[in-house]
> 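Pasting in a structure now, in structure tokens, and then I'll have a few things to ask.
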Amino acid sequence: MVVKYQDFSYPTLQLSSALYAVAKLGIAEKLGFDLECKKKVSDIAKDLGANADYLFRTMHFLAVNGCFIEVPNEEGVFKHNDISLALVDPSIRAETLLINGVCHYRSFETLDETILTGKCQSGKALNSKDVWDFYAKNPDKEVDFARAMTAKTKRLAPILATLGDYSDFDTVCDIGGSQGILISEILSKNPNVKKGINFDLAAVLGNIKSEDRVHPVDHRYSECPGDFFVRVPAADCYILKMILHDWDDNKSKEILNTIGKSMNNNGRVHIIELIRDNQNPIDEKYLASMDLYMLQLFGAKERSLKQWEELLKDTPFVIDHVKNSAIPHGPNIIVLRKK
Ligand SMILES: C[S@@+](CC[C@H](N)C(=O)[O-])C[C@H]1O[C@@H](n2cnc3c(N)ncnc32)[C@H](O)[C@@H]1O
């Protein structure tokens, strides 16, 4: 039993650090871009100007734990498996750097205190008010965060822009739209939309680099800095993609109430989120992981449909209908209308 437990528990922290290191150093790309590529670790190390023995030991550890294959009978030679090959995708690399980066691993130092007190203690671990305050103080880390969000959104935007119906709206506003990927995709798929507003914190909009833009800037696209607890621009449709899972029920209600005050008549809100009881069964591991991130980073959660309905009671909105993207790890669109 002890041996089984040790095999389970010893590698956990190192998996995160080793994945972060190989992602940061671009090892997967150096190895090659398909399952047939193989390379001597000493050649990769030489190329990087890195220590060959240390790189070998890190890759050996990862291979033993399911990422990369150590080629039998060819000393120090590695090839890809499905897991390591995923890392050559720049969007997966960006996600890996965020998920295993400093903000996340520091935040989790106080999980035990969060559980004991029932209050999110990531701010204490980060020496900041909360995660957003940490990012405001560390703009380079905020860029890592925004790039990872963009990476996920880039993969999903083409599906979401057609899953949602935007044919009736003149103005669509993406609340917390980060680098503007989804609203740009919606504009490109919906010529009827006259105005697409990307609304986010001033610091986040100010950090958008031209290389992060996927679409040339459309004349209908605009950026509006602001705080969704204070005021949002007037629009016919508001998108909240992966926003409310970052906030507890009271704060989520505040955001929805702010939107309710600015929304044009017959408007809609599109909440784009995972729904606990509406996901594909293969999403369970991902869902549980996302839920624990939300708990420790923000004192928030992934919600079931019942929890969404409950949350909406103190807001001006009800659920009109739900659209399921039906792809693995894919979110749903919960369409709200005014009561
Ligand atoms: C989890 S990210 C989601 C980004 C984007 N919607 C996506 O799915 O790629 C949350 C976003 O909310 C923004 N945000 C946080 N607090 C905010 C506030 N008070 N007002 C406006 N935006 C805020 C963050 O800057 C960040 O871009």
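All values reported here derive from a predicted model rather than from experimental measurement. Atoms within each ligand, like the ligands themselves, are counted from 1 in listed order.
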> Specify the protein heavy atom at minimum distance from atom 5 (C) of ligand 1: its residue, its atom name, and the distance to 0.1 Å.
Gly176 O, 3.2 Å

> Under 3.5 Å, is there a donor-acceptor pair between the Thr58 and Gln14 side chains?
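Looking only at side-chain atoms, Gln14 and Thr58 do not form any donor-acceptor pair under 3.5 Å.
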
> Taking the inter-plane angle between the rings of Trp247 and Trp132 on a 0 to 90° scale, is it parallel (under 30°), tilted (30 to 60°) or perpendicular (over 60°)?
parallel

> Please verify whether a non-hydrogen atom of Phe145 lies at under 4.0 Å from ligand 1.
yes

> Would you kindly specify which portion of Asp246 sits under 4.0 Å from ligand 1, judged on non-hydrogen atoms: side chain, backbone, both or neither?
side chain

> If you have a sec, work out which protein heavy atom is nearest atom 12 (O) of ligand 1 and how many Å separate them, to one decimal?
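Result for atom 12 (O) of ligand 1: Ile243 CD1, 3.5 Å.
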
> Specify the protein heavy atom at minimum distance from atom 19 (N) of ligand 1: its residue, its atom name, and the distance to 0.1 Å.
Asp227 OD1, 2.9 Å

> Using a 3.5 Å distance criterion without hydrogens, assess whether the side chain of Asp200 forms a donor-acceptor pair with backbone atoms of Ile175.
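The answer is no, because no donor-acceptor pair under 3.5 Å joins these two groups.
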
> How close does the nearest protein non-hydrogen atom get to atom 21 (C) of ligand 1, and which residue and atom is it?
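Heavy-atom neighbour on the protein nearest atom 21 (C) of ligand 1: Phe228 CD2, 3.3 Å.
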
> Considering non-hydrogen atoms of the protein only, which is the closest contact for atom 8 (O) of ligand 1, and what is the distance?
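Among all protein heavy atoms, the one nearest atom 8 (O) of ligand 1 is Lys241 NZ, 2.8 Å.
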
> Measure from NZ or CZ of Lys39 to the centre of the six-membered ring of Phe78, then state whether that distance is under 6.0 Å and the direction lies within 45° of the axis.
no

> Would you please indicate if the ring centroids of Phe68 and His60 are separated by under 6.0 Å?
no

> Would you say Thr258's side chain and Phe228's backbone share a donor-acceptor pair under 3.5 angstrom?
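At least one qualifying donor-acceptor pair exists.
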
> Are Asp89 and Arg93 close enough for a salt bridge, meaning some N to O gap below 4.0 Å?
no

> Which residue owns the protein heavy atom closest to atom 25 (O) of ligand 1, what's the atom, and how far is it?
Asp200 OD1, 2.7 Å

> To which of His245, Glu273, Met242 does the heavy atom nearest atom 3 (C) of ligand 1 belong?
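Selected option, by shortest heavy-atom distance: Met242.
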
> Using only atom types and a distance under 3.5 Å, with no angle test, would you say the side chain of Lys301 pairs donor to acceptor with the backbone of Asp291?
no

> At less than 4.0 angstrom from any non-hydrogen atom of Met149, what atoms of ligand 1 do you find?
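Answer, ordered by atom number: 1 (C), 2 (S), 3 (C), 9 (O).
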
> Can you sort out which atoms of ligand 1 are near Val204, meaning under 4.0 Å from one of its heavy atoms?
25 (O)

> Give a yes/no on ligand 1: does Gly226 have at least one heavy atom closer than 4.0 angstrom to it?
yes

> Can the ring centres of Tyr293 and His104 be said to be less than 6.0 Å apart?
yes

> Considering heavy atoms of the protein only, find what lies nearest to atom 9 (O) of ligand 1 and give residue, atom and distance to 0.1 Å.
Thr153 OG1, 2.6 Å

